[in-house]
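Below, chains carry the letters A, B, ... as their sequence lines are ordered, and counting in each starts from 1.
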There are 2 protein chains.
Amino acid sequence: MIKLAESDAQRARAQNDETGSQRFERIYAELRDRICLLVYPPGTVLSEVTLAREFGVSRTPIRRVLHRLEFMGLVQIMNGVGTIVTDIDLKTFKETYDLRMRLAELMGELSPAYITEDHLAQIDQLIARAKKLQKHRDRFEDYAMITNDLQKILSSLTGSAPLREIIELFYFRVARIWFTFLPQLGWDDIISAQLTELSEIRAAMASNDMRGVGRSRSLHLHRMLTRISRFLVEP
Amino acid sequence: MIKLAESDAQRARAQNDETGSQRFERIYAELRDRICLLVYPPGTVLSEVTLAREFGVSRTPIRRVLHRLEFMGLVQIMNGVGTIVTDIDLKTFKETYDLRMRLAELMGELSPAYITEDHLAQIDQLIARAKKLQKHRDRFEDYAMITNDLQKILSSLTGSAPLREIIELFYFRVARIWFTFLPQLGWDDIISAQLTELSEIRAAMASNDMRGVGRSRSLHLHRMLTRISRFLVEP
DNA sequence: AAAGTACAACCTGTACACAGCTGAACTTTT
DNA sequence: AAAAGTTCAGCTGTGTACAGGTTGTACTTT
């Protein structure tokens, strides 16, 4: 059943190229990260032809990526105008955070995963990175990447695939909005809050208490929302 | 600011055509409903060119619709093969139902909507339709449409936009799988279960108790999962 | 007769040209 | 000078041809 031509194509692909699906995922992840890490802040206008030139492809695969980003709620495609990185209104922001708190608690209740030594080691690494950051003020991108990595670890601990899916969806949707407010908060304050969350989660994980992990996460989201609520005023 | 040419185009559009966005939504809703109502049962292979011919457009807009359906989890696009209506494995099915129960309860807790006379009237209509169905056995599509309409009403009662969004997502993702089992269940049984849910929800709505609505819905999902669990055996 | 191979018919993925839309700068009119 | 009208550059939407992938089938070889 294996054809020679196919075998050759697969070998060549393994050496140099990448399959179409891989290319799509690569470009998608790249643009998503740029939006989430505020390389493209809300309001940025993205052009299909510009992106196509940068990635060395035609508009067609770029359009596919942008449409997926639109489904994810990260951009809005407007005919004749361009593809605009979305902002989020105050009401939706708060609703999303309320929901994220509930979902974090469910993380510990619906088919929680078993916690291994490896998970603990990963958390310890994050704690070490966060402690280093205490001495270097205003490294917002590093702070954001620790938050991103924590999210990935918690994702791997969520046994329920559907739950994991929507937790990630809403994380990506509001994280970048939250990062917008970072410079307005005190550096020492947010770093110590991050260390508090990490150590609480680590303690719960050490006793294989996924419900405790979920509660810690939910509580952290609540504290963070409180922290920036004074900046969230209706116009 | 209004140009003559634009004005003409808008008038012409109002009479005959439709804007691009409307066309997309129309085709998307049509294909989604066909999948959910089992016109395209799981495993069906959809061809872009065939669909393009049917809707009188080129492959491009059809591809956009299919990619959105893939994002919703209703189809899987495979290069060289076709676009296949997805089935769902047992584990994911149960996980999705567990999550849906929790989300139904959240519906009553996160910014619940105020219930009007109009909502009650809509539920009464559904009850009337369900009672008529008691006499006509095995009208599975009518049964499914009542379920669909109830979902729409509950959706309009969910104040939190993000919550509403994912409740709908998971409804569309598993409803059609559930409908697959309908013929294996007793008609009288499922109709009476539907009437039970409708009357419980109506009672809660009559006293403006959205938490009660959520609990009724959650309980109904639990009962239904129990009902078909004897058919859900590992291969 | 059975296994392996080449191929044809189908599919989706990509590139590109063109049509339609939008907003802003510019020109004309009052 | 203000307001209305016009033009235009740039954008996304669409159609279409072609490239690449997959699978079943007919054919060849052992």
Subject >> Contact list for DNA chain C against residues 78-87 of chain A - heavy-atom distance below 4.0 Å >> reply: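 Heavy-atom contacts with DNA chain C come from A:N79, A:G80, A:V81.
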Contacts of [X] that satisfy ring-ring contact (aromatic ring centres under 6.0 Å, His included) - sequence neighbours left out:
X: A:F71; value: B:F71
X: B:Y28; value: none
X: A:F172; value: none

Expressed as a whole number of angstroms, how long is the span from [X]:[atom1] to [N]:[atom2]?
X: B:F24; N: D:dT12; atom1: CZ; atom2: P; result: 17 Å
X: A:L66; N: D:dT12; atom1: CG; atom2: C1'; result: 10 Å
X: B:E48; N: D:dT14; atom1: CD; atom2: P; result: 14 Å
X: A:R23; N: D:dG20; atom1: CZ; atom2: P; result: 12 Å
X: A:E70; N: D:dG13; atom1: CD; atom2: P; result: 8 Å
X: A:I27; N: C:dG13; atom1: CD1; atom2: C1'; result: 13 Å
X: A:I62; N: D:dG13; atom1: CD1; atom2: P; result: 14 Å

**OP:** For B:V45, report the nucleic acid contact type (base, sugar-phosphate, nothing); a contact means any heavy atom under 4.0 Å.
**Re:**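 It contacts nothing in the nucleic acid.
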**OP:** Mind checking A:L46 for me? I need base, sugar-phosphate or nothing, with any heavy atom below 4.0 Å counting as a touch.
**Re:**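 Since only primed, P, OP1 and OP2 atoms lie under 4.0 Å of A:L46, the category is sugar-phosphate.
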How would you list, by chain and number, every residue that makes a side-chain hydrogen bond (donor to acceptor under 3.5 Å, both in side chains) with [X], sequence neighbours excluded?
X: A:R100; result: none
X: A:D149; result: A:R129
X: A:R173; result: B:E165

Original post:
Of the nucleotides D:dC11, D:dG13, C:dG13, which has the atom closest to the A:V49 side chain?
Top reply: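 Side chain of A:V49 sits closest to D:dC11.
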Subject >> Sidechain N-carboxylate O distance under 4.0 Å for B:R26, B:E30 >> reply: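 No salt bridge links B:R26 with B:E30.
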Original post:
Should A:R164 and A:E168 count as an ion pair when the cut-off is N to O under 4.0 Å?
Top reply: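 Salt bridge flag = no for A:E168 with A:R164.
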Subject >> A:R63 vs D:dT14: side-chain N/O to OP1/OP2 distance below 4.0 Å >> reply: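 Looking at the OP1 and OP2 atoms of D:dT14, neither is under 4.0 Å from any side-chain N or O of A:R63.
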Subject >> Pairwise 5' ranking along DNA chain C for A:V57 and B:I77, keeping only the more 5' one >> reply: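 Nearest nucleotide further toward 5': that of B:I77.
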**OP:** Write out all pairs satisfying salt bridge (charged side-chain N to carboxylate O under 4.0 Å, His left out) with one or both partners inside residues 78-90 of chain B, taking only residues at least two apart or from two chains.
**Re:**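 Passing the test, one end in residues 78-90 of chain B: no pairs.
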Considering only nitrogen or oxygen atoms on both sides, find all protein atoms under 3.5 Å from nucleotides 16-18 of chain D and state each distance.
none

